[in-house]
Amino acid sequence: MSEESWGRVRNELIKRVGKTNFSTWIEPLSLIGVDAGIAAIEAPTKFMRDWVSRNFEEQILRELRASGMVVERIEFRVPDLRPIPAADVVRPVAAPARKPVRASDDDLPGAPLDARFTFDSFVVGKPNELAHAAARRVAEGGPVSFNPLFLYGGVGLGKTHLMHAIAHELSTRRPDMRVLYLSAEQFMYRFVQALRDRQIMDFKEMFRSVDVLMVDDVQFIAGKDSTQEEFFHTFNALVDQGKQIVISADRAPGEIKDLEERIRSRLQCGLVVDLHPTDYELRLGILQTKTEVYRGQYPGLKLADGVLEFLAHRISTNVRVLEGALTRLFAFASLVGREITLDLAQECLTDILRASDRKVTIEEIQRKVAEHYNVRLSDMIGPKRMRTIARPRQVAMYLSKNLTTRSLPEIGRRFGGRDHTTIMHGIRKIEELMVDDRQLTEDVDLLRRLLES
Ligand code: ADP
Ligand code: MG
């Protein structure tokens with residue numbers, strides 16, 4: 001069974017089931033193979049598998065046969081339950097269409113910009129406020145105050161979003177400016193192409209003629225010597241002319257391996273800002289903002305209280321996964337005509353929730369709490385009963401119950417073999433105190449954030 005014929009089958013299916021159904025249900029499927037008359041098809045989740053087999057099996061079967069395959073029946077599968085890297089889990093279904101917009105000038109070989117990545121749609125919170133402020137400054141298009149702006153942070157934290165936002169903003173504020181955005185990979189590709197076509201002079205000239213150069217995911221060029229070399233010269237030429245450069249990477253300049261020392265120090269001499277992992281408030285803010293967009297797209301769809309809070313709490317990996325979850329949730333709910341409730345969320349997001357399960361351990365909790373209150377780790381487990389030690393211990397018990405899936409007896413065992421009623425008492429105590437004690441509430445929140453990030 002070739003990719004090609006599965007491609008044809010899929011094309012036929014678009015016509016049969018319609019675009020929305022297709023992108024929600026059929027597109028995420030992959031055909032694994034046909035053996036002895038059985039076509040094995042994989043769906044990303046159980047929920048999707050069941051839905052597809054109930055609603056589309058006949059049509060898929062028909063199209064498989066029409067394409068000349070000898071198929072008796074279809075066997076729908078889900079991937080086995082190995083932990084899946086969170087970033088790969090979500091394939092946004094029925095996502096709003098991306099409208100590619102070119103970075104300003106047509107003669108520049110920039111990458112298409114995502115029209116949705118604007119400052120308006122970027123939610124600002126503690127973890128990204130500095131990066132956002134710096135990006136805003138660059139987007140004013142005024143005199144260059146730091147060069148380069150180096151943004152770094154983990155996957156899905158908004159680096160690309162901010163760079164596109166800068167380009168969008170500049171294209172309205174400063175239409176006279178030549179803005180070029182591209183990934184480091186594209187930079188390399190262009191460079192290699194220019195070498196091959198003996199157009200290296202054109203290449204140099206073109207890159208040196210821009211007013212703002214943005215290179216995304218620069219860690220990509222580490223170890224690629226001649227590309228690094230060319231990048232270095234381009235970089236220097238632009239900085240010398242007082243042109244703005246914005247760079248992103250998945251880690252700090254000092255941590256990128258196989259990067260030439262002179263490039264590293266060049267990258268460090270502007271403003272280096274990191275995007276921190278999201279916190280609960282930021283995640284909730286992002287979900288609320290996106291929900292507003294979806295309300296417009298799916299009028300009449302009901303969203304129960306607590307669902308967004310639940311997602312913000314449970315999906316702490318990255319924003320892309322968070323968005324994917326919300327997209328899928330709305331698509332499902334509208335297709336099955338149900339209200340979005342906690343149950344529905346748990347049902348259709350099993351895979352994402354599983355992959356995002358935080359693996360905070362009781363030991364980690366004890367360590368962080370001991371550090372925070374400046375008591376010994378051994379006192380977390382030991383018998384001392386004075387309040388300066390008992391209170392932190394109870395905080396650790398409370399967090400253990402809330403951040404792990406351990407039972408009370410298990411928690412008791414990790415706290416020096418205490419009885420589960422002691423643990424319960426400790427947890428209750430903290431819950432009671434938190435009602436009036438603001439300091440304690442703040443401590444607990446802080447610890448929770450530290451442990452979850
Ligand atoms: P990165 O380039 O850091 O890997 P992206 O910029 O591609 O991450 O962001 C991943 C997704 O998350 C995008 O769809 C982006 O719009 C969204 N996103 C990230 N941070 C925010 C934020 N603060 N507000 C709104 N959306 C965000
Ligand atoms: Mg990116």
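Each ligand, and each atom within it, is numbered from 1 in the order the structure gives.
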- Message: Would you say Tyr280 and Asp445 are linked by a side-chain donor-acceptor pair, where the criterion is simply a distance under 3.5 Å?
- Response: no
- Kindly confirm or rule out a cation-pi arrangement of Lys224 over Phe220, judged by NZ or CZ under 6.0 Å from the six-membered ring centre and within 45° of its axis? yes
- Message: Please determine whether a side-chain nitrogen of the Lys or Arg among Asp211 and Arg178 lies less than 4.0 Å from a carboxylate oxygen of the Asp or Glu.
- Response: no
- Can you find an N or O of Ile286 that's nearer than 3.5 Å to an N or O of ligand 1? no
- Backbone, side chain, both or neither: what part of Arg116 comes under 4.0 angstrom of ligand 1, heavy atoms only? neither
- Message: When you compare the side chains of Ser183 and Asp217, does any donor N or O come within less than 3.5 Å of an acceptor on the partner?
- Response: no
- Message: Please classify the Asp216 to ligand 1 contact at 4.0 Å (heavy-atom distances, strictly less than): side chain, backbone, both or neither.
- Response: neither
- Could you tell me whether ligand 1 has any atom less than 4.0 Å away from a heavy atom of Lys290? yes
- Query: Any idea which atoms of ligand 1 are less than 4.0 Å away from a heavy-atom of Phe117?
  - Reply: 13 (C), 14 (O), 15 (C), 16 (O)
- Query: Parallel, tilted or perpendicular: which describes the rings of Phe203 and Phe191, with under 30° parallel and over 60° perpendicular?
  - Reply: tilted
- Message: Taking 2.8 Å as the cut-off, does Ser248 contribute an N, O or S atom near the Mg ion (ligand 2), distance below it?
- Response: no
- Just say parallel, tilted or perpendicular for the rings of Phe117 and His164, cut-offs at 30° and 60°. tilted
- Task: Indicate whether any N or O donor in one side chain lies under 3.5 Å from an N or O acceptor in the other, for Arg116 and Ser121.
- Result: no
- Closest to atom 8 (O) of ligand 1 among Gly158, Gly153, Ser121, Gly324 (heavy-atom distance): Gly158
- Is Arg266 positioned over the aromatic face of Phe235, cation under 6.0 angstrom from the ring centre and no more than 45 degrees off axis? no
- What do you reckon, does Val319 have a nitrogen or oxygen under 3.5 Å from a nitrogen or oxygen of ligand 1? no
- For ligand 1, find out whether one of its N or O atoms is nearer than 3.5 Å to an N or O atom of Val123. yes
- Message: Only heavy atoms of Asn128, strictly under 4.0 Å: list the atoms of ligand 1 that pass.
- Response: 23 (N)
- Item | Per-atom contacts of ligand 1 with Val155, taking only distances under 4.0 Å to non-hydrogen atoms | 4 (O)
